Protein chains: 2
Amino acid sequence: MEKIVDDDLKQQFMTQCHYESLFGSDLAQHAELLHFKTQEYIVKNGIQPAYLFYLVKGKAKLYDSLANGKDTLIDFFTPPCFIGEMEMLDAKNEPFGVQVIDDCYCLALPMEKYRAQLLADPTFLQHVCIYLSHKNARNIKTASRNQGFTLSQRLGAFILLTEHNGYYNEKHTQVAEYLGVSYRHLLFVIADFVKAGYLQKDRRGYRIANQKALQRLAWEVNSSDN
Amino acid sequence: MEKIVDDDLKQQFMTQCHYESLFGSDLAQHAELLHFKTQEYIVKNGIQPAYLFYLVKGKAKLYDSLANGKDTLIDFFTPPCFIGEMEMLDAKNEPFGVQVIDDCYCLALPMEKYRAQLLADPTFLQHVCIYLSHKNARNIKTASRNQGFTLSQRLGAFILLTEHNGYYNEKHTQVAEYLGVSYRHLLFVIADFVKAGYLQKDRRGYRIANQKALQRLAWEVNSSDN
DNA sequence: CTCCTAGTGTGAGATTTCTCATACTTAGTG
DNA sequence: CACTAAGTATGAGAAATCTCACACTAGGAG
């Protein structure tokens, strides 16, 4: 994690995401601009974050670390969205881990310093409420998709979502859990994709060789997004 | 829907559910006590509700009416919980339908009259935020269950959840959608239950003949509830 | 260097779940 | 009354997915 001291850039992100309008007061001006590299953790599992983040650029993923020590991939974050809002609302919640997929820029408010002020700000709370209810509706839709579509279709969509410079490089064990299928079956379908020429395996990982085909598979999955 | 004018009963529910503490002001005193009979709608699909409800007794279910006119069962409400909070926050949302399973009592605040006051009340907004984030966490768990358990297990849990006077009487078509399986397969597993003596069919519907066996099936599903 | 673990990869057979086809019943409608 | 739509019901074969078993590789720990 690295603090970016570039007021122009910060202002640009703020404008782009209407950051100021999230608050009833002038809290926005106290936000810092932070940058996270790929693989870095924005929130570490089980450790209360020091900031309330607002993701303005990049891509990140949400993990749940289970009692047995394993991680389960739960959800993705794409800008603009809050990160750490559950912890801010209710410190009793065990924080979930959030790890960066693509370099992330966040506007971040020091939690301790401004928590009381945030909890007393109806404008801010309204935005969080709306954010949470939309997120909830989205989760419901995602869940029904997992039931409604075949693994090939979901995997197609998933690969396009997590793709990075034309390569798919997620850990199979975690993806299997996220997509709710057995490890074995995931490998089976990936093998199918390779056989069909959608993916090609080289030393860097799985290269996307036929994006169109994957998009065709993913089409139905994503088009229930209204 | 019927308004109950019984201040003792109302006060009892309020105390039991800590209703007053949801608000920063003395809004609670303006709540009415409403009663809904089985099958009645608390919120009709697509129609903005006139109240912000707080379910204090009973059981209800949440539907999504799809574009093709069909209904999908999404979730259940058990007390205490808000109903209509999404609509209050953001009137642009198409309201989902909420229908009563077991007679319901709700404390209800007239939406139009108090909406502005609610949206300006940080105490109330905080409670809604926390409610939404818990609900979201629960939905995530439910979803992972749907992936992690077999239909027999989930159906066992489901029958016990929706059971009414010892009878299971849900519409198979809707249940199939809720549990995320084909209608055919649901019927298949129900037939298994009958064959195994867990259920017995008579003119009133399916009678629960072996609750223990169903509980045994449901055990694993429900015990991930920590 | 060796052991150990996590991740990867493959095979084979079992189970779950789906699709399609086909009927029967009931309530509503013209 | 005849027609229709929705819900119920059952059969048979196919597809999706799971479980178990085994093998290989790379990196960290002793």
Side-chain angles (χ1 to χ4, degrees), chain A residues 39 63 65-66 68-73 99 143-159 162 167-196 199-207 217 220-221, chain B residues 39 63 65-66 68-73 144-159 162 167-196 199-207 217 220-221:
Chain A
Q39 306 279 335
Y63 281 93
S65 271
L66 301 173
N68 57 16
K70 294 199 174 179
D71 291 337
T72 313
L73 186 45
Q99 191 182 15
S144 43
R145 271 176 215 176
N146 275 4
Q147 302 183 326
F149 298 102
T150 185
L151 179 59
S152 324
Q153 297 177 292
R154 285 180 287 140
L155 182 59
F158 183 84
I159 289 173
T162 56
Y167 274 85
Y168 168 72
N169 252 327
E170 301 298 314
K171 290 205 170 164
H172 295 157
T173 41
Q174 284 173 13
V175 174
E177 289 193 65
Y178 176 65
L179 294 178
V181 298
S182 68
Y183 173 78
R184 184 65 192 85
H185 188 53
L186 175 64
L187 271 280
F188 191 79
V189 174
I190 290 179
D192 274 356
F193 279 11
V194 174
K195 215 172 291 168
L199 295 177
Q200 274 172 5
K201 201 171 155 186
D202 61 31
R203 50 241 106 79
R204 286 196 215 153
Y206 290 88
R207 195 169 64 75
L217 273 175
E220 232 192 315
V221 178
Chain B
Q39 305 283 334
Y63 280 94
S65 271
L66 302 174
N68 57 18
K70 294 200 173 177
D71 290 339
T72 313
L73 185 45
S144 42
R145 271 177 216 173
N146 275 3
Q147 301 183 325
F149 299 101
T150 184
L151 180 60
S152 324
Q153 297 177 292
R154 286 180 285 141
L155 181 59
F158 182 83
I159 289 174
T162 56
Y167 274 84
Y168 168 72
N169 252 328
E170 301 298 317
K171 290 205 172 165
H172 296 156
T173 40
Q174 284 174 14
V175 173
E177 289 194 65
Y178 175 65
L179 294 177
V181 298
S182 69
Y183 172 80
R184 183 65 192 87
H185 188 51
L186 175 64
L187 271 280
F188 193 78
V189 174
I190 289 178
D192 275 355
F193 279 10
V194 173
K195 216 173 291 169
L199 295 177
Q200 275 173 4
K201 202 168 154 188
D202 61 29
R203 47 238 108 79
R204 285 198 216 152
Y206 290 88
R207 195 169 64 75
L217 273 175
E220 234 193 311
V221 179

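Proteins get letters first, then strands, A, B, ... in listed order; numbering begins at 1 in each. Values in this document were obtained by computation on a predicted structure and should not be read as measured data.
In this structure, CG on A:Leu199 lies 7.5 Å from CG on A:Leu155, to the nearest 0.5 angstrom.
Nucleotide D:dA16 holds its C1' atom 14 Å from the CG atom of A:Leu155, rounded to whole Å. Between A:Leu179 atom CG and D:dA16 atom P there is a gap of 16 Å when expressed in whole angstrom units. The NE2 atom of A:His185 sits 13 Å away from the P atom of C:dT17 (whole-angstrom rounding). When rounded to the nearest whole Å, the span between CD of B:Gln153 and C1' of C:dT15 equals 13 Å. In this structure, A:Leu186 atom CG and C:dG7 atom C1' are separated by 13 Å, rounded to whole Å. Rounded to a whole Å, the CZ atom of A:Phe188 is 19 Å from the P atom of C:dT8. Look at CG on A:Leu151: it is 15 Å from C1' on C:dT16, rounded to the nearest Å. A:Phe149 has its CZ atom 15 Å from the C1' atom of C:dC18, to the nearest Å.
Nearest to the side-chain atoms of A:Thr173 among the listed nucleotides D:dT17, C:dT8, D:dT10 stands C:dT8. Closest to the side chain of B:Leu187, from the set D:dT19, D:dT10, C:dC18, is D:dT10. Of the candidates C:dT8, D:dT17, C:dT17, the closest approach to any side-chain atom of A:Arg154 belongs to D:dT17. The side chain of A:Arg184 approaches C:dT10 more closely than any other nucleotide in the set D:dA16, C:dT17, C:dT10.
Counting only heavy atoms from C-beta outward, the side chains of A:Phe188 and A:Val181 never approach each other to under 4.5 Å. You'll find the side chain of A:Leu187 reaches within 4.5 Å of the side chain of A:Arg184, heavy atoms only.
At a threshold of 4.0 angstrom between heavy atoms, the contacts of B:His172 are confined to the sugar-phosphate backbone, with no base atom among them.
In terms of the side chain to side chain donor-acceptor pair (under 3.5 Å) criterion, residue partners of A:Tyr167 (sequence neighbours excluded) are, by chain and number, A:Asp202.
Contact check, A:Ser152 against D:dA15: no side-chain N or O comes under 4.0 Å of OP1 or OP2.
Contact record, A:Leu179 with A:Arg154: O-NH1, 2.6 Å, taken as the closest heavy-atom pair.
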